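Have a look at the structure below before the remarks.
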Amino acid sequence: MRKSILGCVALTVALPLAWGAIPAKSTDSAIARNLNTFNSIVKELQNNYVDSIAADRSFEAAIDAFLANVDPYTEYYPAEEQEALTKLTTGEYGGIGAYLMDRDSSTYISEPMKDSPAARAGIRAGDRILRVDSTDVSHKLSSEVTKLLRGRPNTEVSIRLQRPYVKDSIIDVSFTRELLRQPSVPLYKVVDNTGYIRLTSFIEKSASEVKEALESFKANPKVENIVIDLRGNGGGLVESAVDILSFFLPKGTEVVRMKGRDASSERIYKTTRSPLYPDIPLAVLIDGSSASASEILAGAVQDLDRGVLIGTRSFGKGLVQSTRPLPYQGVLKITVAKYYIPSGRLIQALDYTNRNEDGTVRRIPDSLTRAYMTLHGRTVRDGGGLQPDSVIDWGKVNRLVYNIVRDNWSYDFATRYAAEHPTIGAPADFVVTDSLYGEFKKSIDPQRFKYDRVMEDAMKQLKEIASDEGYMDDEATMNTFESLQKLLIHDLNRDLDTHRADIVDYLGPEIVSRYYYEPGKIEYMLRDDKAFRAAREIMNSGRYAKILQNK
């Protein structure tokens, strides 16, 4: 019924029921008229349609279509989907602790969570799920399989798996579901003089997880600056963002202001405790998937000149959601307000109230954004998300690399490598050696490898244009085209060598995750992370003070 949670970039920002003052009724007579019309249509179908009506499915489609014209964050959760909403705010659910993926019309284990029931039972990335208890799921997708795997904690579940690259490929596993809490801080560590925290969501326990990391940094005399990594963090509870800001800002500092439909609904959030780190240099890493509560935290850091933002422009979600109970145990997650960060700016990028004629949503152009000032007089702008103080150019993904990842060549090699090698070095030490990369190259079947035909198609189009213009009448021109076409034929072995560094950026983390799960993958990637390196260079030099003091 609801839209896919994983596909939604910005997660819920939940608020208390103080929003009850927002007017619930509309004077628009069109609402009553259309409700009457809809009710009459349903009655006519019920009484006179030649076949029976699939009522639940029809109403779900109608609700989805209606909400699609509002915004992507206003969603209906029927009773049977309450667990998904709970997981958004608490990170808790009953299940086995594994990420799933769809592939070849079947469901596979993408990766078990560290220390989860699935990991302890020996379930591995790459396992294909054939059966859950007595239900054959060998040709079912993850949306259906997830419903069978999740359940009340302390209940038993049996799974039949097909494991690639092992002799006895059919494996039966039985174990007990647990109440799982997906951590919002999968990794924190000290790198030289920098304390690094990866924060992936804002749930009820996020502040306590961040506090644990900060207190460990307090006990380490090497730590001279801190990096909070919000890349890929779609948001969550605004209260968690405010609590985390309290670790770095003076008590009583206003960090965000919510404004609803009328003045009485305005709400101001301030920090509530004395900070653990009032002065330590601070950098926040953001990207295009940093949204909602992530932008509240990062925006307050920037507007109050408490630290620097590093990375790429954030998503730009300035809308706030609250939950409302509905009949039959349903819940509506509804947009009730907009939020404004300390400079007074709203960073919402998409204008859902003024759609194009075809119903699409327009992005606020940079030329129409307005200037605001940070605490120390730096110029920042509203609309379009947060612009970093230091922008990182990640470059473009090469098409060869894209095809390797898209078609699971790197994923399958990592699965096979883990089946053949019981252990590897620690994430901080693991290296994709020449011999390992050679094995990877041999694992790619040139007959099965699919190249995007961009070059060939472009060449064909160019020849057609040249022919239309009369150039192909010249023999020399034709020979030149033929020579160029031969030069542009793909050589897989050569291309794999040419783009080795880019491929290893994906292959290395994939292998490491087989042994050390998500925390290990993050730690491995941190070694060559451009944004992390830039943050450390800025904080360990005079550039940090110059940026914040607008010099």
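Because the structure is predicted, anything quoted here is derived from the model rather than measured. Keep in mind that the numbers below use all heavy atoms, side chains included, and drop hydrogens, waters and symmetry copies.
- In this structure, the separation between CD on Glu215 and CD on Glu212 is 8.5 Å, given to the nearest 0.5 Å.
- In the displayed structure, Gln329 atom CD is contacted under 6.0 Å by at most 12 heavy atoms of other residues, nucleotides or ligands.
- Closest approach of Ile296 and Ala241 over heavy atoms only: CG2-CB, 4.3 Å.
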Q. Please walk me through it: do Leu386 and Val380 pass side chain to side chain contact (heavy atoms under 4.5 Å, CB included)?
A. CA-CA 8 Å; Leu386 300 167; Val380 289; over 6 Å; no
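- Expressed to the nearest 0.5 Å, how far OG of Ser216 lies from CD1 of Ile197 amounts to 7.5 Å.
- In this structure, Ser290 contributes its side chain and Ser294 its backbone to no donor-acceptor pair below 3.5 Å.
- Taking all atoms of both residues into account, the shortest heavy-atom contact from Pro183 to Thr200 is O-OG1, 3.7 Å.
- For Lys259 and Tyr340, the positive end sits near the middle of the six-membered ring, less than 6.0 Å away and at most 45° from its axis.
- Counting heavy atoms from C-beta on, the side chains of Phe248 and Val301 never come closer than 4.5 Å.
- Heavy-atom contacts from other residues, nucleotides or ligands closer than 6.0 Å to OH of Tyr506 number 12 or fewer.
- Summarising the local packing, CE of Met525 is surrounded by 12 or fewer heavy atoms from other residues, nucleotides or ligands at distances under 6.0 Å.
- At least one donor-acceptor pair under 3.5 Å links the side chain of Asp287 to the backbone N or O of Gly232.
- Here the side chains of Ile310 and Ile286 are not in contact, with every heavy-atom distance at 4.5 Å or above.
- A donor-acceptor contact shorter than 3.5 Å links the side chain of Thr74 to the backbone of Thr335.
- Atom CG of Leu249 sits about 11.5 Å away from atom OG1 of Thr272, to the nearest 0.5 Å.
- Within the 4.5 Å cutoff, the side chain of Phe202 has heavy atoms near those of the Ile244 side chain.
- Between Ser343 and Tyr372, the shortest heavy-atom contact is O-CD2, 3.4 Å.
- With rounding to the nearest 0.5 Å, the separation of CD1 in Ile96 from CZ in Arg150 is 10.0 Å.
- In this structure, Asp382 contributes its side chain and Ile347 its backbone to no donor-acceptor pair below 3.5 Å.
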Q: Show your reasoning for whether salt bridge (Lys or Arg N to Asp or Glu O under 4.0 Å) applies to Glu295 and Lys317.
A: CA-CA 8 Å; Glu295 293 172 299; Lys317 182 191 179 238; over 6 Å; no
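- In summary, the side chains of Asn398 and His499 do present a donor paired with an acceptor at a separation below 3.5 Å, with no hydrogens or angles considered.
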Q) Are Tyr188 and Tyr196 close enough, and set up right, to give a ring pair (Phe, Tyr, Trp, His ring centres under 6.0 Å), and what steps lead you there? A) CA-CA 5 Å; Tyr188 66 85; Tyr196 170 85; 9.9 Å; no
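- Interatomic distance, OH of Tyr352 versus CG of Leu319, reported as 7.0 Å (0.5 Å rounding).
- The only option from Ser206, Ser184, Ser201 that meets the side chain to side chain contact (heavy atoms under 4.5 Å, CB included) definition with Ser240 turns out to be Ser206.
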Q: Could you walk me through whether Arg198 and Glu209 pass the salt bridge (Lys or Arg N to Asp or Glu O under 4.0 Å) test, one step at a time?
A: CA-CA 11 Å; Arg198 180 64 176 268; Glu209 292 180 35; over 6 Å; no
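- Of the possible polar contacts, one joining the Ser541 side chain to the Glu537 backbone as a donor-acceptor pair under 3.5 Å is found.
- Judged purely by atom type and a 3.5 angstrom limit, Thr146 uses its side chain to pair as donor or acceptor with the backbone of Ser142.
- Between Arg257 and Glu254 a salt bridge is recorded (basic side-chain N to carboxylate O distance below 4.0 Å).
- A salt bridge does not link Lys211 with Asp243: every distance from a Lys NZ or Arg NE/NH1/NH2 to an Asp or Glu carboxylate oxygen is 4.0 Å or more.
- Nearest heavy atoms, Ala298 versus Val284: CB-CG1, 4.0 Å.
- Counting heavy atoms from C-beta outward, Val308 and Gln302 have side chains that stay 4.5 Å or more apart.
- Contact check for Glu239 versus Glu204: no side-chain heavy atoms found under the 4.5 Å cut-off.
- Counting only distance, with no hydrogens or angles, the side chain of Arg514 and the backbone of Glu510 share a donor-acceptor pair below 3.5 Å.
- The residues Asp351 and Arg362 are annotated as not salt-bridged, no charged nitrogen and carboxylate oxygen being separated by less than 4.0 angstrom.
- Side-chain atoms of Ser246 come within 3.5 Å of backbone N or O of Val242 as a donor-acceptor pair.
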Q. Are Ser110 and Leu100 close enough, and set up right, to give a side chain to side chain contact (heavy atoms under 4.5 Å, CB included), and what steps lead you there?
A. CA-CA 5 Å; Ser110 174; Leu100 307 181; 5.9 Å; no
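- In this structure, Ile511 and Phe430 have side chains that are in contact, with non-hydrogen atoms separated by less than 4.5 Å.
- One distance of note links OH of Tyr76 with CG of Leu332; it measures 9.5 Å at 0.5 Å rounding.
- Put simply, the side chain of Met101 does not reach to within 4.5 Å of the side chain of Thr107, judged on heavy atoms.
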Q: Kindly determine whether Val238 and Val320 satisfy side chain to side chain contact (heavy atoms under 4.5 Å, CB included), including the steps that lead there.
A: CA-CA 9 Å; Val238 64; Val320 184; 5.9 Å; no
Q: For side chain to side chain contact (heavy atoms under 4.5 Å, CB included), just list the numbers for Met113 and Gln182, CA-CA rounded to whole Å, side-chain angles, deciding distance to a tenth of an Å, and then say yes or no.
A: CA-CA 8 Å; Met113 292 170 55; Gln182 192 170 343; 4.1 Å; yes
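- By the salt bridge (Lys or Arg N to Asp or Glu O under 4.0 Å) test, Asp192 pairs with Arg536, sequence neighbours left out.
- Between the side chain of Asp64 and the backbone N or O of Leu67 there is no donor-acceptor pair closer than 3.5 Å.
- Side-chain contact between Glu523 and Tyr516: absent, with no pair of heavy atoms (C-beta onward) separated by less than 4.5 Å.
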(Q) Let's go through Asp305 and Thr374 carefully: what are the C-alpha distance in whole Å and the side-chain angles of both, what is the deciding distance for side chain to side chain donor-acceptor pair (under 3.5 Å) to 0.1 Å, and is it a yes or a no? (A) CA-CA 7 Å; Asp305 289 313; Thr374 69; 2.9 Å; yes
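- With salt bridges taken as basic N to acidic carboxylate O contacts below 4.0 Å, none links Asp393 and Lys530.
- Under the 3.5 Å distance criterion, the side-chain polar atoms of Arg177 are matched with a main-chain donor or acceptor of Leu149.
- More than 12 heavy atoms of other residues, nucleotides or ligands lie within 6.0 Å of NZ in Lys218, so this atom counts as buried by the packing criterion.
- Across all their heavy atoms, Asn233 and Leu199 have their closest contact at ND2-O, 2.9 Å.
- Taking the charged nitrogens against the carboxylate oxygens, Asp529 and Arg231 do have a contact shorter than 4.0 Å, which makes a salt bridge.
- Nearest heavy-atom pair across Leu346 and Gly318 is CD1-O, 3.6 Å.
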